[in-house]
Every structure is written in structure tokens, then in C-alpha cells.
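Have a look at the structure below before the remarks.
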There are 2 protein chains.
Amino acid sequence: MSLVTDADKPTLYKRIRADIEQRILTGEWPPGHRIPFEHELVARYGCSRMTVNKALSELAQADLIERRRRAGSFVRRPQHQSAVLKIADIRAEITALGRTYGYELIGRKLRAATAADRDRLGVKKAGKVIAITCRHSADNVPFAAEDRLIDLSSVPDAATADFSREPPGSWLLHHVPWTEAEHTISAIVADDRTAEALDIAVGAPCLVIDRYTWRSARTITAVRLLYPGDSHRLVARFKGG
Amino acid sequence: MSLVTDADKPTLYKRIRADIEQRILTGEWPPGHRIPFEHELVARYGCSRMTVNKALSELAQADLIERRRRAGSFVRRPQHQSAVLKIADIRAEITALGRTYGYELIGRKLRAATAADRDRLGVKKAGKVIAITCRHSADNVPFAAEDRLIDLSSVPDAATADFSREPPGSWLLHHVPWTEAEHTISAIVADDRTAEALDIAVGAPCLVIDRYTWRSARTITAVRLLYPGDSHRLVARFKGG
DNA sequence: TACGATTATATGTCTAGACATATAAGTCAA
DNA sequence: TTGACTTATATGTCTAGACATATAATCGTA
């Protein structure tokens, strides 16, 4: 029976945060509205300033309010230009849907980086790379085609990994410590090769995700994922939930 | 000459946070690694516990570490399944590129909600709605086609807004207090109508963004944006920046 | 050996102060 | 009116404590 997400954790600063969030979300305090000063909230809730400060700091970190010295704290304009996009590991995504995951390695080549490879990885110098082509399926229906390049100078262990059984995405997730990533999403129509890989018609729409991954300015992998565009959807949700 | 993002703000807790973040991102402290206890960091930095607690709390809020009572704080596994997708206001997006923005209202209808309208808005009962079709262009080249439905029972002011001059997206952004949104991204091929609206060939790939917006369980608007798929790209970036 | 009770400990929250600092607002002179 | 200076004030950071609480580890017992 809780309208607020974590109303069942009745610590004071969370209650203060939830109270304010509630008023912002309902529109009672519209964008630009100055929320009460810290000392006013201290008086209202009968607590110390550090407690309301913690509540307000978290709201500021979540971009719900903006804090300005000497002026006060203000409700920010909704920013639905940025949303959290969930791009799950494909295996996890499929098994989460209760479907059986299938994986098939199509090609694996270890080679000295060509100019095209270096360009794709965004590096000037690269030694060897592994190029992998594979396919993911759900209930034996093609789900996504993957075309990946791994920089072996960053991930030398990848040279001996067995990608015929484990998808490179999963392997990397468990063997590289921490990464940053950039995703680019676009649409194309299937060419001959793509149509065959995904078992769709030539000219059918495809959703493309290009993911470029690095760690501390060091390139790790570049991957292109192709999904049948009419059956696959990416969902990005902003705020709440 | 700073390697760390906000090293120029030398408050202690930010320095502690940056130090730890650095070690995580470089892989020095891999996923699963237990970072020093609060009392150890207190000793190392010669500060009070609240100060290191603030640093660790922010790292936890950013999902970089996980805190477990009695056990300690641990580096989390990289989660590149969630990324921040920037879906800018179209006008802002175009002007940011230094191109001139153009807007053209194609159709506007005020009507009692049909069954299809209610379905699209995800409501059981809706009074009147406004259906809007319009087009955005950059340097006089079609950039995106928009097809929108606004629930007038949630946003009555929209009935009198002049959408022939201001795009409905911008208008809503400035007239509804705060919203939650869900975006669904998919790919289609252009049909006759779409091809004409975007001045592309029939059968050309299109990127589709369906955005559904509400405030406190109250539906505001549902919009479908169509972009030429080969010229438009969405970029989502995770961590760092 | 397995299970239940106890204990130790790291984190979670909170207080009542303090000083620092950016800046809105007011003051005064050119 | 404008610009420079001063002041008041809200936020930013920090301290040295305190008690609460979840839980890993230990111990004792069946």
C-alpha cells in the first residue's frame, strides 16, 4: 500500500527525500520552485541540518533539484532528454524471457590489425586482434548477429579463450575488470549476408547497436549487433521504477 | 593536467571518492575486491568517519561499489547493460549541430478519444485528445517525422496552445511540471507516407522512437518519432565523460 | 555433524556544533 | 545609471562523538 518506492524504510532522511520528491513529481512544486531552505526543513522535521542536507544532496545528485549557494534549492526542469537504456547481455536477456538461449560461432580469425581494424577500434597502433562473427538465437530462432573485434594488446587472454562455447560478450564481462562503453543505435535494411544470418528477407529493417568499449583510454573491443527490427525493441526508461 | 574529472575541487571527500574510483576503473581493484574499511580510510586520510562515509555512499549510489553490513564494501561487476541514452529535444539537437531548425505542422485534430487513442495512451478512460502530425527539419532537409497524441484531461492547456509555431515537444517541456518517460526504440522500413514525409525512398530504413510520458500514473502524451535510419544515430554512453 | 544462540564488527543513521565560500542583495560613490 | 564595495546568508564541507542494526563468525549443544 505504499505509493512511494521505499516508504518502508522509515529513516528520517529518506522520508524527507521522499516527501520532497513526491511534491515535485505531482507538480505541487513545479520547475523553478524554490524548495524550503535547509533551516526551514530542520525546523519542520525537528532534526539536525546534516540530515536534511543528506536528503537534499541525494535529490541534487539525481538531478531532481539544483542547489545554488546563497539562493536556495530549486526544482529542475524535467530532462527527458536523458534516459537509462538497458542493454542487457544477450544471453541474460533471452533467458530472462524464459526462452532457451542458443549460441553459434560462425567465424574466428586472429590477425595483425589491419588499417580498417585500427580505425574501427579507434587506435593508432594495435598489434594483434581477434575478429569474431557469431549468432545468438532464442528458441532456435535467430535473435541477433554479432560482429566483434577484440584488441589483444589490451586483452591478451582472449587469444586462448574458447569462443566456440562461450559468447565473447559473456567472456569479456567476466575477464575484464571494469569498462566504459559507448553505444550507437541506428537502423539499416538487411543486405544478403545479414538476411541470411538472421533468417529474414533482404530489405527487412534491422536495428543496429554499435558498442565501443574501453578501460582508462585503452580500447578493449568494438562490436556490432544486428537485430531484426520488427521483432526487437530497446526500452529506455527515465525516472522512477 | 588532471587525469581525474574533478580533481580541481580538492575537498577531501571528493578526493577520496576519486582515488577509489581511479583504482576501480584501472582494474587495480577488480570486481569483487573488498575496498578498505571505513576505519582504515579514516586512518589513511586522517579524517572523520562521516567524510569517508560520504565518499563511499556516493560510489554506492553510482553503482560502482556495493556496501554490505558487517562484511565491507566491494567493487561491483561492470554493468554495461545500462547506459545513459541522450534523447535531446529535437530543436536543441539540431541547433547544437549548428544547423538551422525548421518546423512544420502537418495536421492537428481535437477529438474525443477513440478506442485506438485510449489504447495508445494506455488509459481506460480519456476525454478529449489532440492528435498532432508534424515534421522537423535541419537546413531544410527533413530530419524527423512526429506523430503525437496528447491527453487533454491531463494537459487541458494544450487545447489552446498554438502548435503551428511551437513544436508540441517544446511546448510540453515548458508547460508540464515533471514527467516520467519510457522510450522504445525499433527499426522499420519506410512506407509510402513515411517516405514522403522524410523525403526518402520507400523501403529505406527508419529508426523509430516511441516515447510514452506520464506524471504520477497520469498519462500525458504518446509520441512516435521517425528518423531516416542511415543518417540518424542515437548515442548512449556509460560511465565517465 | 548440524543447528541454534551469542558475539563482534562494519555499515547506517543521526547530532550539535564549526568554519569555509560563493553569491544575492544592499550600499555608496562616480 | 552604473559600477565597485560590503554584508548577509544559504549551501558546502567537516568533526568527534553516539546508538542502531544487519550479519559474518564463533561457540556451544544436541
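Every chain is numbered from 1 and lettered A, B, ... according to where its sequence line falls, protein lines coming before strand lines.
Distances were taken from every side-chain heavy atom of R49(A) (C-beta onward) to each of dA16(D), dG12(D), dT9(C); the shortest belongs to dG12(D). Residue T51(B) places its side chain closer to dT15(D) than to any other of dT15(D), dT15(C), dA25(C). Which of dT13(C), dA8(D), dT15(C) sits closest to the side chain of S48(A) comes down to dT15(C). With distances taken from any side-chain atom of E38(A) to the nucleotides dT11(C), dT11(D), dT13(D), the minimum falls on dT11(D).
Exactly one of Q61(A), R67(A), R68(A) qualifies for a side-chain contact (heavy atoms from CB on, under 4.5 Å) with I65(A). That residue is R67(A).
The phosphate of dT13(C) (OP1 or OP2) has a side-chain N or O of K14(A) nearer than 4.0 angstrom. Look at K54(B) and you won't find any side-chain N or O under 4.0 angstrom from OP1 or OP2 of dC14(D). The shortest distance between the side-chain N/O atoms of R67(A) and the OP1/OP2 oxygens of dG12(D) is below 4.0 Å.
At a cut-off of 3.5 angstrom, the base of dA24(D) holds at least one donor-acceptor pair with the side chain of R70(B). Between the base of dT21(D) and the side chain of R69(B) there is a donor-acceptor pair shorter than 3.5 Å.
Ring geometry for Y101(B) versus H136(B): interplanar angle of 30 to 60°, hence tilted. Between H33(A) and W29(A), the ring planes lie parallel to each other; the angle is under 30°, not in the 30° to 60° tilted range.
The CD1-P distance, from I35(B) to dT11(C), rounds to 8 Å in whole Å. Between the C1' atom of dA20(C) and the CG atom of L12(B) lies a distance of 14 Å, rounded to the nearest Å. In this structure, the CG atom of N53(A) is 15 Å from the P atom of dT15(D), given to the nearest Å.
Mapping A71(B) and R68(A) onto DNA chain C by nearest heavy atom places A71(B) at the nucleotide closer to the 5' end.
Within 4.0 Å of S57(A), counting heavy atoms only, lies no atom of the nucleic acid at all.
With values rounded to the nearest 0.5 angstrom, T51(A) atom OG1 is found 10.5 Å from E38(A) atom CD.
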